[in-house]
There are 2 protein chains.
Amino acid sequence: MPAPDDAAAGAVRSPVGVPAARPRVTLADVARAAGVSSPTVSKVLNERGDVAPETRDRVLAALDAAGYRRRGTTPARRPGSLLVELVLSDLDSPYAVEVLAGAEEGAAASGAGLVVTAAHGRRAGGGRWLSRLRARRSSAVVLVISDPGPDAVEELRRTGTPLVLLDPVGTRDPGLPTVGATNWNGGLSATEHLLGLGHRRVAVVSGDPSLACSQERVDGYRAALGRAGVPVDEDLVRWGDFTPEGGRRGAAALLDLADPPTAIFAGSDSQASGVYQEARARGLAVPEDLSVVGFDDVALCQYLSPPLTTVRQPLVDMASHAVRLALEGAGGEAADVVTPQHVQLATRLVVRESTAPPRA
Amino acid sequence: MPAPDDAAAGAVRSPVGVPAARPRVTLADVARAAGVSSPTVSKVLNERGDVAPETRDRVLAALDAAGYRRRGTTPARRPGSLLVELVLSDLDSPYAVEVLAGAEEGAAASGAGLVVTAAHGRRAGGGRWLSRLRARRSSAVVLVISDPGPDAVEELRRTGTPLVLLDPVGTRDPGLPTVGATNWNGGLSATEHLLGLGHRRVAVVSGDPSLACSQERVDGYRAALGRAGVPVDEDLVRWGDFTPEGGRRGAAALLDLADPPTAIFAGSDSQASGVYQEARARGLAVPEDLSVVGFDDVALCQYLSPPLTTVRQPLVDMASHAVRLALEGAGGEAADVVTPQHVQLATRLVVRESTAPPRA
DNA sequence: CTGAAAGCGCTTACAG
DNA sequence: CTGAAAGCGCTTACAG
């Protein structure tokens with residue numbers, strides 16, 4: 001007869017792949033670990049003044065080590081009080097608008113609340129942000145175009161908070177679910193469209209080369225030229241950032257060339273608007289003197305004249321999907337079992353009025 | 001000797017103007033009211049199945065009547081776990097971007113989380129939304145360009161949740177704090193600028209006439225004409241909505257007139273972009289053939305060519321202020337004592353390249 | 001400044 | 001399906 005194992009002895013045991021609901025760490029546990037009484041821990045927690053500084057420090061350390069959470073303070077599990085955190089680097093771009101709209105839609109569909117944070121250049125997942133996330137009892141996180149610090153990933157994993165990366169940056173942790181778009185295909189079809197119109201001097205102005213999406217779009221551009229037997233002129237490949245100013249600078253450099261391009265593929269619609277400005281400043285008409293293709297198909301396109309030919313990436317759907325994915329992980333019992341997913345939604349060329357054959 | 005009053009008898013009594021911390025309604029109170037035991041109420045709360053439907057209904061009614069809240073479920077009081085709700089009608093406008101950025105800034109400054117909801121045409125404050133707000137333990141609400149239903153106002157007041165109206169609609173409850181801009185002055189200075197350039201046929205295309213801000217801008221326009229001794233031609237006053245399409249329609253109607261305007265004051269930058277499009281479609285150059293002034297000074301302006309002359313309203317500051325105002329009400333003890341405020345931040349004309357003297 | 005004791009609000013296990 | 005009783009996690013009031 002086998003010796004009674006843990007399960008037979010009545011210990012908590014979980015099905016394969018499903019984590020055991022770890023027994024809650026109670027205030028009494030922490031008190032024991034810190035060598036003080038429960039009331040003392042309670043006082044520290046409630047920021048009462050009457051605790052000796054050393055005692056306080058010891059208790060705080062024990063609290064932290066044990067990963068203590070107040071009763072009723074575990075992330076909400078019922079839809080309707082769930083919170084998803086959406087972290088963007090900045091809020092003031094047409095790109096952010098689409099992402100926000102999609103994320104709101106995804107959250108609303110699940111009855112969850114969407115908490116929006118702008119990182120403003122700080123790396124997402126500072127200690128401050130993490131502790132606030134905990135204080136708010138948020139259940140899931142979606143990070144947009146940014147790499148979480150390893151500490152943040154670890155902490156989120158530890159607390160069972162799902163993390164989804166939207167438009168992931170290059171250096172991805174393969175264990176994290178990602179949602180993106182088929183950037184390479186987009187770059188390919190934008191460039192093929194211009195080649196098809198008869199352009200041979202086709203330039204590209206993309207975003208930061210450290211971003212996967214920038215790289216992929218340029219790779220698609222190169223592939224299209226290669227297929228058409230047009231050699232890549234490295235003078236016609238420019239990197240910058242996704243802002244109008246970035247587009248303007250790139251266009252200025254390109255149009256200053258001895259043999260300037262007749263068409264520019266911009267890495268984003270915002271950049272394309274900068275290309276428009278530079279063309280206008282030089283008295284060049286779009287599309288008669290210069291064809292322009294953008295990327296994103298954000299609302300901005302409807303404000304530009306002429307209407308911009310662009311590669312549509314379904315940002316609203318992408319964001320909505322990312323939020324649902326994150327909430328799925330948060331809602332179910334089998335939170336940790338959700339298979340990491342890497343989704344790329346399809347891009348599609350939308351032809352409007354900013355492209356035409358080159359002047360004879 | 002006077003009979004012992006409540007205070008003398010030890011009842012909770014609060015200083016004038018500061019509401020008493022009403023004694024918490026406990027589960028036992030509700031049980032008593034419903035004529036059942038505490039365990040039964042607990043089961044209903046936790047959605048256990050083993051409760052008779054009629055009992056369940058009775059308990060739910062009692063719960064509701066008593067305004068019961070689970071322990072630890074009252075809105076957070078320490079900054080860092082506070083949540084502010086921002087409700088916009090839609091997220092996909094340049095206006096919304098600015099408001100969001102400002103609101104995020106205001107919330108982040110207080111360490112609060114910003115929960116963003118789009119009303120999508122539904123009136124803010126449906127029962128669904130209110131109960132979610134409660135479930136999330138949100139501490140304050142900022143409502144953008146919309147009128148809360150009287151029930152929502154009542155419910156928020158009852159639960160001590162501050163409500164601030166940003167860019168308030170006309171029919172305001174004077175008891176609610178509002179944050180807006182000096183729309184009238186903006187309309188005045190936009191129109192004076194055009195008159196100063198020599199224009200006499202100056203038109204206006206504004207937003208929905210039911211919105212206070214639309215009205216005020218047009219009133220400023222009328223005032224400027226009046227002061228300059230130029231009679232108002234009602235044919236030159238158009239109402240629509242704040243979208244590019246609204247601007248385009250308005251411009252089309254105006255340019256179809258027998259004696260068309262030489263300058264158009266648009267009620268928003270988005271509308272102004274629609275005016276640009278209509279002008280372009282008719283082969284009219286801005287500003288040579290048509291001067292255009294916008295309103296808002298949103299990021300969109302930097303994408304338009306030519307750069308748009310506009311009336312800047314400090315949307316970022318307005319939103320940030322509204323959020324702080326709301327959180328102020330939520331954070332302090334004296335929540336209900338915050339004097340209702342009606343703030344209007346200053347607007348300012350920003351001259352760029354879309355305005356010029358009329359053709360001789 | 002600390003903790004034993006009492007208390008509070010809620011939940012659980014179980015008898016009816 | 002219901003509730004008396006026991007229990008749990010935390011807080012409060014107070015003695016030292």
Side-chain angles (χ1 to χ4, degrees), chain A residues 10-12 20-78 80-81 134-135 137 159 333, chain B residues 9-13 20-78 80-81 134-135 137 159 333:
Chain A
V12 182
R22 8 178 171 178
R24 290 188 41 71
V25 178
T26 70
L27 183 142
D29 296 332
V30 175
R32 210 169 305 121
V36 296
S37 70
S38 316
T40 300
V41 179
S42 173
K43 284 169 198 165
V44 171
L45 275 174
N46 294 291
E47 288 165 20
R48 287 245 151 63
D50 55 349
V51 179
E54 313 86 75
T55 313
R56 206 182 96 88
D57 290 348
R58 197 145 38 90
V59 170
L60 283 175
L63 242 20
D64 202 47
Y68 173 79
R69 308 204 54 159
R70 247 195 195 72
R71 171 181 53 189
T73 246
T74 7
R77 285 291 174 206
R78 66 191 72 198
S81 55
R134 215 180 313 129
R137 315 208 277 149
T159 56
E333 280 70 53
Chain B
V12 183
R13 204 63 181 307
R22 8 176 171 181
R24 289 189 41 71
V25 178
T26 71
L27 183 144
D29 296 332
V30 175
R32 211 169 304 120
V36 295
S37 70
S38 316
T40 301
V41 179
S42 174
K43 286 169 198 165
V44 171
L45 275 174
N46 294 293
E47 286 165 23
R48 289 241 152 63
D50 55 347
V51 178
E54 313 85 75
T55 313
R56 207 182 95 87
D57 290 348
R58 196 145 38 90
V59 170
L60 283 174
L63 242 21
D64 203 49
Y68 174 78
R69 309 204 55 160
R70 248 196 193 70
R71 169 181 53 189
T73 247
T74 7
R77 285 292 175 205
R78 66 191 73 199
S81 55
R134 217 181 311 130
R137 317 208 274 147
T159 56
E333 281 69 55

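Keep in mind that what you see is a predicted model, and the values were worked out from it rather than measured. Below, all heavy atoms of this structure are taken into account, side chains as well, without hydrogens, waters or symmetry copies. Naming convention: chains lettered A, B, ... in sequence-line order (proteins, then strands); numbering from 1 in each chain.
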Would you mind writing out the side-chain donor-acceptor pairs for residues 30-45 of chain A within the sub-3.5 Å range, not counting sequence neighbours?
residue	atom	partner	partner atom	Å
A:Arg32	NH1	A:Asp29	OD1	3.3
A:Ser37	OG	A:Thr40	OG1	3.3
A:Ser42	OG	A:Asn46	ND2	3.4

*Count the heavy atoms belonging to other residues, nucleotides or ligands that lie under 6.0 Å from CZ of B:Arg58, then report whether that count exceeds 12.*
yes

*asked:* If the cut-off is 4.0 Å, is B:Thr40 near the phosphate of D:dG3, judged by side-chain N/O to OP1 or OP2?
replied: yes

*Looking only at atom P, what distance separates C:dC1 and C:dA5, rounded to whole Å?*
24 Å

*asked:* Could you tell me how far C:dG3 sits from C:dG7 if I compare only their C1' atoms? Round to whole Å.
replied: 16 Å

*Starting from P on D:dT2, measure out to CZ on B:Arg56 and report it in whole angstrom.*
12 Å

*Pick the P atom in C:dC14 and in C:dC10, then give their distance to the nearest Å.*
23 Å

*asked:* Pairs counted only when both distances fall under 3.5 Å, Watson-Crick or G-U: show me the 5' to 3' dot-bracket for DNA chain C, [ ] for pseudoknotted crossings and | for other-strand partners.
replied: |||.||||||||.|||

_Base-contact (B) and sugar-phosphate-only (S) positions in nucleotides 10-16 of chain C, heavy-atom cut-off under 4.0 Å, - elsewhere_ = SSB----

_At less than 4.0 Å, is any side-chain N or O atom of B:Ser37 found next to OP1 or OP2 of D:dT2? Yes or no._
no

_What is the distance, to the nearest angstrom, from the CG atom on A:Asp29 to the P atom on D:dC8?_
12 Å

